[in-house]
Amino acid sequence: MHTVHLSQPLNLHHTLNSGQVFRWQNLNGTWEGIVRGEFIRLFENEGTHCTCDENFLTWYFRLDDDLDLIISAIDKDRHMHKAITALYGLRLIRQDPWECLISFICSSFNNVPRIRQIVETLCRTFGRPLPSHRGYEFPSPEALADAPLDVLRTCGLGYRDVYVQKTAQAVADGFALHDLRTMPYQEAKKALLQLPGVGQKVADCVLLFSLDNLEAFPCDTHIKACITQLYSPSVDAGTFGRQYFGPYAGYANHYLFHYHRSNRTW
DNA sequence: GTCCAGGTTAGCC
DNA sequence: GGCTAACATGGA
């Protein structure tokens with residue numbers, strides 16, 4: 001465990017607890033997670049302490065984004081101002097696209113604790129155990145592609161078992177997730193929408209949380225409520241969000257989402 | 001028992 | 001293209 005003094009704001013609690021990633025656990029102040037097959041431990045106390053190197057922190061927590069610049073770009077009204085003030089240090093994460101894709105297929109018509117439970121069960125059932133015995137890797141596309149439906153079902157997936165299996169088969173057969181990183185927003189989204197279990201909202205989550213598309217604006221029930229109540233009752237939330245907030249609409253989206261979901265008042 | 005949760009899909013018009 | 005019912009699961 002060593003100390004890193006970051007030049008960028010980072011609030012671990014807001015960031016890891018905001019529903020963009022599902023495998024981190026807070027054990028009395030210390031965050032534990034498994035990223036790309038590596039067990040990682042983090043906590044904040046006059047600097048960020050971690051069992052990883054600074055390059056990992058920079059990559060994973062997008063410290064290459066100038067958060068203050070981004071915040072000033074999206075600080076356009078009193079609603080947004082409340083959210084960014086209350087959640088200062090909330091950052092988007094640059095997570096693995098494959099894990100992100102499957103996690104958000106599991107997220108549809110579901111709640112966060114259960115998403116976490118399903119993802120963890122998938123890892124325990126189909127993922128490689130870490131050499132340190134501290135948990136399991138996220139399963140490979142091949143592992144989920146070859147998984148029998150009834151075993152997937154026992155992981156708690158419900159009717160989503162087919163979505164996970166077919167999407168895993170598509171990725172195992174060569175669907176190039178990483179290529180989407182360099183595509184324009186509409187084109188990358190169109191490609192993702194081909195995958196079973198991936199609709200407008202899940203596609204935007206994958207683009208935003210794992211493929212560097214900061215203009216993606218995922219529209220779930222919380223965001224739709226925010227847009228209709230606070231901004232305009234009759235617009236398409238996604239179109240409005242991207243146009244109104246601009247190139248960093250995705251950051252605005254996640255601040256609104258987490259503020260609304262954590263049951264704070266506007 | 002009823003309701004709800006980061007939606008997607010198939011089947012209609 | 002837009003609209004709607006159906007969809008497993010577990011916790012409140």
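Order of the sequence lines fixes the chain letters, A, B, ..., with proteins taken first and strands second; residue numbering starts at 1 for each chain.
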A/K76 to A/Y244 six-membered ring, cation-pi geometry met (6.0 Å, 45°)
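That pair qualifies as a cation-pi contact.
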The side chain of A/V202 is closest to which nucleotide in this list: B/dG6, C/dT9, B/dG7?
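Closest of the options to the side chain of A/V202: B/dG7.
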Among [range], which residues get a heavy atom nearer than 4.0 Å to DNA chain B?
| range | value |
| --- | --- |
| residues 233-257 of chain A | A/H254, A/F257 |
| residues 156-165 of chain A | A/Y159, A/Y163 |
| residues 185-198 of chain A | A/L195, A/P196, A/G197, A/V198 |

Which label fits A/Y231 and A/H79: parallel for a plane angle under 30°, tilted from 30 to 60°, or perpendicular past 60°?
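Perpendicular, since the angle between the ring planes exceeds 60°.
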May I ask you to decide if the ring planes of A/H254 and A/H258 are parallel, tilted or perpendicular, using 30° and 60° as cut-offs?
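If you compare the ring of A/H254 with that of A/H258, the planes turn out parallel.
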Please report the distance separating the P of B/dG6 from the corresponding atom of C/dA6, rounded so that it comes out in whole Å.
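Rounded to whole Å, the distance is 23 Å.
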Nearest-angstrom distance, P atom, B/dG11 to C/dA8:
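Straight-line distance between the two P atoms is 15 Å.
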Nearest heavy atoms of A/W266 and A/C226, plus distance in Å
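Nearest pair, atom of A/W266 first, then A/C226: CZ2-SG, 3.8 Å.
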N/O donor to acceptor pairs below 3.5 angstrom from side-chain atoms of residues 189-198 of chain A, sequence neighbours left out:
unit_1	atom_1	unit_2	atom_2	d
A/K189	NZ	A/Y185	OH	3.0
A/K189	NZ	A/Q200	OE1	2.9
A/K189	NZ	A/D204	OD1	3.4
A/K189	NZ	A/D204	OD2	2.9
A/Q194	NE2	A/K190	O	3.3

When you check the phosphate oxygens OP1 and OP2 of B/dG7, does a side-chain N or O of A/T221 lie under 4.0 Å from one of them?
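Yes, A/T221 has a side-chain N/O under 4.0 Å of OP1/OP2 on B/dG7.
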With sequence neighbours left out, what residues match A/E215 under salt bridge (Lys or Arg N to Asp or Glu O under 4.0 Å)?
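Testing A/E215 for salt bridge (Lys or Arg N to Asp or Glu O under 4.0 Å), a comparison that skips the adjacent residues, returns none.
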Ring pair (Phe, Tyr, Trp, His ring centres under 6.0 Å) against A/Y136, all qualifying residues, sequence neighbours excluded
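With sequence neighbours excluded, A/Y136 shows a ring pair (Phe, Tyr, Trp, His ring centres under 6.0 Å) to no residue whatsoever.
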